[in-house]
Number of protein chains: 2
Amino acid sequence: MRADAQRNLNAILTAARESFAAGGLEVGVADIAKRAGVGTATVFRRFATKDDLICAVCEQSVAEMAERVAAAEAADDPWEGLRECMRAAIEMQVTDRGLCEALSRGIEAYPAVREAHDALVARLAVLVRRAQEEGHLRADLEPIDLPIVLNAVARAGAELEPIAPGAWRRYFQMLLDALRPGAPPLEVPAPTREQVDAAFAGEQGAR
Amino acid sequence: MRADAQRNLNAILTAARESFAAGGLEVGVADIAKRAGVGTATVFRRFATKDDLICAVCEQSVAEMAERVAAAEAADDPWEGLRECMRAAIEMQVTDRGLCEALSRGIEAYPAVREAHDALVARLAVLVRRAQEEGHLRADLEPIDLPIVLNAVARAGAELEPIAPGAWRRYFQMLLDALRPGAPPLEVPAPTREQVDAAFAGEQGAR
DNA sequence: CGCTAACCGGATCGCCCAGTCCGGTTCGTG
DNA sequence: CACGAACCGGACTGGGCGATCCGGTTAGCG
């Protein structure tokens with residue numbers, strides 16, 4: 001790989017990240033190319049499809065989240081670590097429209113992102129179980145619930161952000177209240193792995 | 001207005017409602033026209049713009065919600081009525097992708113819808129205050145919070161619906177837990193009318 | 001029944017955007 | 001320094017969709 005090609009690749013990834021963060025996933029490839037200082041053909045040379053580019057950017061963000069989870073696992077106070085993780089996950093999505101939108105599609109996303117996300121949930125599960133044992137989290141919360149509710153809060157927050165900056169913290173606090181132990185048990189089971197897998201297999205290639 | 005014109009108008013509204021409900025707001029006008037059994041020109045003769053059509057359909061749905069709120073106000077047990085209202089609001093959005101998407105844009109929607117929505121929130125406020133006085137609802141909940149959190153739950157539920165039907169009830173139950181009294185007070189204020197108005201004035205005509 | 005104004009609908013326009021093509025440019029090696 | 005392979009980028013294509021145009025049709029009044 002020639003040096004200029006590598007440079008362009010980095011520029012494209014950075015530009016895409018910034019563009020998606022600011023304008024959501026519907027920003028045009030031409031805009032991204034312009035921001036990166038290259039032509040559209042150069043973008044498509046590295047990423048056969050716009051979706052591939054989205055995927056690459058998302059993987060970075062999900063990896064970043066995974067790092068935060070790992071840090072929480074090692075923290076002195078794991079419950080505090082988990083809370084901070086959740087807060088960071090929402091904040092990341094609120095300040096990155098593209099990530100927020102991508103995670104909304106979440107379930108049906110690309111294999112690579114999906115894999116990274118699964119790994120992240122698996123790590124989360126450890127923290128969740130520990131928090132439940134220590135009585136910080138309601139016992140009927142499943143790890144799979146977390147990405148769902150965090151994305152829900154983030155989406156509401158993201159829309160509010162331009163008109164009421166920081167309002168997402170209000171709804172994050174409500175979310176924490178919902179997760180506290182002591183409430184009557186949930187009457188509906190969480191989505192299962194099988195359901196998610198079936199949906200994924202079914203709509204491979206949609207959109 | 002000629003009889004056939006009236007008939008077509010009804011057909012268009014019905015078709016639009018069904019199409020938007022099933023496929024979201026991004027379904028093409030051509031699809032709607034075909035379902036209504038008319039040409040696209042006929043659609044645009046009644047609704048100058050696709051947005052106008054969306055607006056008309058939404059108004060109907062919001063009016064329907066308002067009726068439910070009115071019913072709750074008159075119910076024997078107002079708290080039970082409010083709960084049922086919230087449940088119905090989520091269910092309506094989960095089973096109507098178009099409505100769900102339209103309410104997500106909510107704040108910046110069209111004047112007519114916005115007006116109907118404001119009226120609905122004003123009515124809700126009565127129920128909220130009463131529920132708070134009776135100790136069913138946390139005291140720091142503002143009426144404006146309700147459409148926000150209800151839409152958030154509905155959106156998550158709508159995405160889950162095809163793969164885990166009814167899963168939204170799980171998150172609705174969590175929401176109710178978050179709204180219960182007894183939690184430490186919220187540290188961030190709710191969005192204000194002024195913020196909403198400013199945003200609305202600012203981006204009139206966007207999209 | 002006949003006539004006209006109202007109405008209809010498919011073909012068409014203009015625009016946007018993902019993705020492709022090809023003539024020109026640059027890297028980096030010998 | 002020279003040369004070829006790798007790389008570049010802007011012009012172009014194709015398809016989709018909102019919106020418009022216009023020749024044909026129909027309602028419903030007199």
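Within every chain, numbering begins at 1; the chains are lettered A, B, ... in the order of the sequence lines, protein sequences first and strands thereafter.
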Checklist entry - Is there a donor N/O on one and an acceptor N/O on the other, under 3.5 Å, for the side chain of A:R45 and the base of C:dG19? => result no
Checklist entry - What is the bend of the helix from C:dC1-D:dG30 to C:dG30-D:dC1 when you compare the axis at one end with the axis at the other, using five pairs each and rounding to 10°? => result 0°
Next on the checklist: Please tell me whether A:Q173 and A:R170 have a donor and an acceptor in their side chains that are separated by less than 3.5 angstrom.
Outcome noted: no
Checklist entry - Is the backbone of A:L25 close enough, under 3.5 Å, to the side chain of A:E101 for a donor and an acceptor to pair up by distance? => result yes
Checklist entry - If every non-hydrogen atom of A:E159 is compared with every non-hydrogen atom of B:R155, which pair is closest and at what distance? => result OE1-NH2, 3.1 Å
Checklist entry - Checking side-chain contact (heavy atoms from CB on, under 4.5 Å) for the pair A:L99/A:V57: CA distance, chi angles, key distance, verdict? => result CA-CA 8 Å; A:L99 178 62; A:V57 171; over 6 Å; no
Checklist entry - The side chain of A:R46 lies closest to which of these nucleotides: D:dC8, D:dA19, C:dA18? => result D:dC8
Next on the checklist: How close do A:V188 and B:R169 get, counting heavy atoms only, and between which atoms?
Outcome noted: CG2-CB, 3.6 Å
Checklist entry - Looking only at heavy atoms, which two atoms of B:G157 and B:W168 are closest? And how far apart? => result CA-CB, 3.8 Å
Next on the checklist: Please report the distance, rounded to the nearest Å, between CG in A:L25 and P in C:dC17.
Outcome noted: 14 Å
Next on the checklist: Does a side-chain N or O of A:T49 approach OP1 or OP2 of C:dG19 to a distance below 4.0 Å, or not?
Outcome noted: yes
Next on the checklist: What I want to check is whether the side chains of A:Y110 and A:D52 have a donor and an acceptor closer together than 3.5 Å.
Outcome noted: no
Checklist entry - Using a heavy-atom distance cut-off of less than 4.0 Å, which residues of residues 31-38 of chain A contact DNA chain C? => result none
Checklist entry - Given C:dG9, is OP1 or OP2 found less than 4.0 Å from the side-chain N or O atoms of B:T40? => result no
Checklist entry - In whole Å, what is the span from the NZ atom of A:K50 to the C1' atom of C:dA18? => result 8 Å
Next on the checklist: Using heavy-atom distances to pick each residue's nearest nucleotide on DNA chain D, tell me which of B:V27 and A:T42 is more 5'.
Outcome noted: A:T42
Item to check | Minimal non-hydrogen separation, A:A131 against A:L82, with atom names | outcome: CB-CD2, 4.2 Å
Next on the checklist: Let's go through B:R129 and B:E142 carefully: what are the C-alpha distance in whole Å and the side-chain angles of both, what is the deciding distance for salt bridge (Lys or Arg N to Asp or Glu O under 4.0 Å) to 0.1 Å, and is it a yes or a no?
Outcome noted: CA-CA 9 Å; B:R129 294 305 174 210; B:E142 297 291 335; 3.3 Å; yes
Next on the checklist: Tell me the interatomic distance from A:L53, atom CG, to C:dG19, atom C1', rounded to whole angstroms.
Outcome noted: 13 Å
Checklist outcome for this item: Within residues 3-22 of chain A, those residues having any heavy atom closer than 4.0 Å to DNA chain D are A:D4, A:A5, A:N8
Item to check | Worked verdict on B:D4 versus B:R7 for salt bridge (Lys or Arg N to Asp or Glu O under 4.0 Å) | outcome: CA-CA 5 Å; B:D4 54 345; B:R7 227 180 311 127; 5.5 Å; no
Item to check | Heavy-atom pair with the smallest gap, counting every atom of B:A178 and A:M174 | outcome: CB-O, 3.2 Å
Checklist entry - Given atom CE of B:M1 and atom P of C:dC7, what is their separation to the nearest angstrom? => result 7 Å
Item to check | N or O in side chain of B:R2 less than 4.0 angstrom from D:dC29 OP1/OP2 | outcome: no
